[in-house]
Amino acid sequence: MHATSTLLTPATSRQPRSYRWRVVDIVIASVIGVASGLIFVVWNQAYNPLSGLLTPLLPGLQALLGGGWLFAGVLGGLIIRKPGAAIYTELLAAVVSTLVGGTAWGATILVSGLVQGLGAELVFALFIYANYRVYVALLAGAGAGLALAVNDLLLWYPGSAAPFIAVYTVSAIVSGIVVAGLLSWLAMRGLARTGALSRFAAGRSSRTRV
Amino acid sequence: MTPAAAGSVSGASVVARGWGWRHAGRRRWAVDGLDLRIEPGERVLLLGASGAGKSTLLHALAGVLGGEEEGEQRGHLLVNGAEPTAERGQAGLLLQDPDSQVILARVGDDVAFGCENLGVPRDEIWRRVTDALRMVGLNLPLGHPTSALSGGQKQRLALAGVLAMRPGLLLLDEPTANLDPEGVLEVRESVARVLENSEATFIVIEHRVAVWQSLVNRVIVLDAAGGVLADGHPDDVLTSQGERLAAAGVWVPGRGSGLVAAGRRTSSGTTPLLRTPGLAIARTKAEIIARDLELDVLAGTALALTGPNGAGKSTLALTLAGLLKPAGGAVLASPEFADGADPEPIRWRSRQLLSRIGTVFQDPEHQFVAATVRAELAVGPRALKRPEAAVTARVDEVLQRLRLDHLAEANPFTLSGGEKRRLSVGTVLATQPQLLVLDEPTFGQDLRTWREIVVLLDELLREGTAVVAVSHDADFVAAVFDREFRLAGRTGAAAPLITSGVVPR
Amino acid sequence: MSLIAPPRGDRAIFRINPVAKLASALLLAGVLILTIDWVSAAVALACEFVLVFWAGLSLKSFVLRTLPVWIAAPTAGLTTLLYGQPAGAVYWAFGLVNVTEGSLELAIATTLRILAIGLPSVVLFVTVDPTDLADGLAQVVKLPARFVLGGLAGLRLVGLFLGDWRALELARRARGIADGGAGRRLLSQAFALLVLSIRRGSKLATAMEARGFGAPVQRTWARESTFRGREVALIGIGLAVALLAVGVSVALGSWNFVLT
Ligand SMILES: Nc1ncnc2c1ncn2[C@@H]1O[C@H](COP(=O)(O)OP(=O)(O)OP(=O)(O)O)[C@@H](O)[C@H]1O
Ligand SMILES: Nc1ncnc2c1ncn2[C@@H]1O[C@H](COP(=O)(O)OP(=O)(O)OP(=O)(O)O)[C@@H](O)[C@H]1O
Ligand SMILES: [Mg+2]
Ligand SMILES: [Mg+2]
């Protein structure tokens, strides 16, 4: 009866993207941030014994574990797709992990969260918040990894020898690419498949009308 | 001064001109070709079949449907002559799902939230908060944690939050969802009190007309195919067009359910499936909700679990279904029913449970695991390793009978309230277990679906399936059930009252 | 901080604006992080113990909450001991391991520094109610209300995780998909939980908008977040501890700026 209602318009038709955060963007970014923060708490507990295993192999290798604290920003950026999303989720995750778990790194975690979020954010910004393919996710992970290395080496391992610095930096970037980049991208795709992201561009890129 | 701060509010007008909305990802327009004019201060009951677009319209009026990213609009919809998104705050909307409406951690803060957003001065906010809490009968300290509220209390809290905003347009979407009959009356009374002292325009959605009939002066029935099916004074519309409305799925008072008596089931009802010697139920180890519950579930008979909010009906149902561990006593399956499995259903494996007991949860969303309606229905039969052809046939049948076929490829979470409920009922029907445990299966259903569920259950009962259902719906209990088990709640006598007896159909 | 029920007490520390707690913890950390020497860390730590005692946290909850710090500090110290920049006398060398006079000193400093930074943060944060923190961040620090309240709402949703987790467990069992390996089940249920909370979040956002959230009106606050003498005093204490630590360290000539 409504002739137009059966017309299929491509679901991917590009509307001019708005950079303003909607309320739902804020709430979902918060949910992702807080949930990630809880994972951080678990990861904080696992870090000590695991790094105890890795460090003797090659000092600096413990940065391979860093990805466990980097995925929040990348995941947030991939899902929300608005400026500041990576920083916001990573920072919130950091806040929650300190508030809930209490960590050895104390209030400085906030600084780490900010810096790591910035690492991912810069990559998304580089692609003017319009490209969210897998390689961008990997790059964002790498950016976060680099940020982690810089931050940690300055704050926690000052006065380290050069080999340590090199190993630490490379490990952090590798970890960022694999854990923060690839895993976040897979998680984003999985979430989109469930339809949970139907209110987000991330959840609509490949859907037909039903 | 904003109207909201002035205390007494003038009502808002609503105008729709050829208005329609299509949700992102949907082919059909949820609402279409709507022409409507509601004057300030009118009190409207909005009716229509499940999925007709009632909730969509209310969301639009409150300005919360979202922008282009969430769907497309055509025609015009104006509140007080302006786009509803610009007038947000004019309208106070109570959503269909009370569980998702608790926003903050303390009762007082949650009620104050709307006022804060509207820029109401601080002293005025707290006056309104206490007023609103009193009006809805929620006598709790302002600092009470919102995480410790029962379903009925949450509903009242959400209502208080909306009332405190003193909106010019009060929009309630099935406000008595999940309430026991006394709760329904209480909420109705509190809304009546509010309306007495207010000029606000009022629109309420409810399938059961009787509750609100005395409070409204206009009934609008949405047509699922677009536009309006009927519009006018309640008495006129319901008497002159009763026939047509009933056919469209509206509960018209005094017309009954229109079920043709199919003759009594000769419920032989002798083969016991479950017994519960000395059963005690609990959610947490710390707190036993009820004890010494003795009941038996017989093949081919229907047992209703009734009682006030928070009495433990859902807990009992889940315990009978082999999902919650009894806090005392036991749930024992007869050897025929267990069919080689352990006598206690709680020890059954997930797949063993599937072919024996099917459970519909009170909150359907907890149960959904798939990305489309069709896949959702196929989960059970697939887990039972049924042949693919049989799975498809069964799924198609269920889709059709529950009138979900046009939504087969939709995501379960995007369905309307009633559609979700139907789908969750469908998931258990798909596996054809010997015992169905249903938690409020008819809530939020229009008359047509209600009838279909009653007929379906009747058929299953005749085939020897046993049914246990939690329900506040007296018509439903009368239509289907052989026995009723009433949980008195914790304020009443220690032992629950058992009223058993065959309810004539 | 507990997501579900924040601890309450009658000591002043429970009533101090969380923003002040955050600020003083950050201040202390910000100063201590600049140097790596055992003197400044030890001085700060000594002062902190007095303050922790004053905060009125029970010994049990103090130990429980700060346990991660007590584990992490010596671990990090050990790393530094083994792999830190070598200087002075060599005590033991094996492969990359190089325990020297310098690395020993660095290790002690690292351990004390982590304790000095970590302990006060934990103690100050345990007593924070998220609602009050949000009030403070929005009213005192003037962060955008939309983000602060959105974050708070998200936080509350996660407080429902436990109940949702249990409900999901039952529901998945009922749907016939709960058999199979524990690991896989756990993972898929965790994913389901994330999905559910994102759904909840989407709906919650609608509910917030339905109550006028994000309306183009200047928002008011039902509860004033105050920043008065008490709060200034706490920040003052943080500053005093930091200055004392720096002063003693500089006076004793052990100040060791990180970037040099
Ligand atoms: N977020 C959404 N995304 C896609 N489709 C939706 C969404 N919300 C609702 N729909 C669809 O729009 C139609 C109208 O839904 P709506 O919730 O307005 O119905 P309703 O009249 O309130 O029904 P009920 O009485 O069952 O609550 C339904 O077919 C529903 O599946
Ligand atoms: N997940 C839960 N965890 C802990 N306690 C719960 C949980 N769900 C319900 N309760 C408590 O257990 C009691 C019984 O709840 P139950 O859901 O069985 O009541 P009900 O009779 O089904 O009520 P309603 O009619 O509102 O659905 C209530 O007091 C409730 O507060
Ligand atoms: Mg609806
Ligand atoms: Mg119940």
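Proteins get letters first, then strands, A, B, ... in listed order; numbering begins at 1 in each. Treat the numbers as computed from the prediction; the structure is a model and nothing was measured.
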When the 4.5 angstrom heavy-atom criterion is applied to C:Leu149 and chain B, the contacting part is side chain
When the 4.5 angstrom heavy-atom criterion is applied to B:Asp110 and chain C, the contacting part is both
If one checks every heavy atom of C:Ala192 against chain B at 4.5 Å, the contacting part turns out to be neither
Is any side-chain N of the basic residue among B:Arg106 and C:Asp129 closer than 4.0 Å to the acidic one's carboxylate O? yes
If one checks every heavy atom of B:Thr146 against chain C at 4.5 Å, the contacting part turns out to be side chain
Heaviest contributor of heavy-atom pairs below 4.5 Å to chain C, chosen from B:Thr85, B:Leu95, B:Val437, B:Leu94, is B:Leu95
When B:Thr427, B:Leu353, B:Thr431 are each screened for side chain to side chain contact (heavy atoms under 4.5 Å, CB included) with C:Arg175, the one that passes is B:Thr427
Rounding to 0.5 Å, atoms CZ (C:Phe213) and CG (B:Leu118) come to a distance of 12.5 Å
When the 4.5 angstrom heavy-atom criterion is applied to C:Ile177 and chain B, the contacting part is both
Applying a strict 4.5 Å limit to non-hydrogen atoms, the region of B:Pro345 in contact with chain C is backbone
Margin query: Between the side chains of B:Arg122 and C:Glu224, is the shortest nitrogen-to-carboxylate-oxygen separation below 4.0 Å, so that they form an ion pair?
Written below: yes
Bottom line for B:Leu318: the part with an atom under 4.5 Å from chain C's heavy atoms is side chain
Exercise for review: Indicate yes or no: does C:Arg223 engage B:Glu116 in a salt bridge with an N to O separation below 4.0 Å.
Suggested key: no
_Contact between B:Leu104 and C:Leu152 at the side-chain level, heavy atoms closer than 4.5 Å - yes or no?_
yes
* Does some side-chain heavy atom of B:His366 sit less than 4.5 Å from a side-chain heavy atom of C:Asp164? -> yes
Checked C:Ser188, C:Ala167, C:Ala153 vs chain B; the most non-hydrogen pairs under 4.5 Å come from C:Ala167
The interface call for B:Val428 against chain C, heavy-atom contacts under 4.5 Å, is neither
Practice item. Using the ring of B:Phe113 (Phe, Tyr or Trp, six-membered ring only), decide whether C:Arg211 places NZ or CZ under 6.0 Å from its centre and within 45 degrees of its axis. Key: no
Listed by number, the residues in residues 356-364 of chain B that come under 4.5 Å of chain C (heavy atom to heavy atom) are B:Thr359, B:Phe361, B:Asp363
The single option from B:Gln101, B:Glu365, B:Gln96 that satisfies side chain to side chain contact (heavy atoms under 4.5 Å, CB included) with C:Lys203 is B:Glu365
Here the pair of heavy atoms bringing B:Ser350 nearest to C:Ala178 is OG-N, 3.1 Å
Applying a strict 4.5 Å limit to non-hydrogen atoms, the region of B:Ile125 in contact with chain C is side chain
| said: Between B:Asn117 and C:Met208, does the side-chain contact (heavy atoms from CB on, under 4.5 Å) criterion hold? Intermediate values first, please. | reply: CA-CA 9 Å; B:Asn117 292 328; C:Met208 291 172 81; over 6 Å; no
If one checks every heavy atom of B:Ala105 against chain C at 4.5 Å, the contacting part turns out to be both
If one checks every heavy atom of C:Glu209 against chain B at 4.5 Å, the contacting part turns out to be both
Okay, B:Ile103 and chain C: the region with an atom under 4.5 Å from a heavy atom over there is both
Query - Side-chain heavy-atom pair C:Arg166, B:Leu324 within 4.5 angstrom cut-off - result: yes
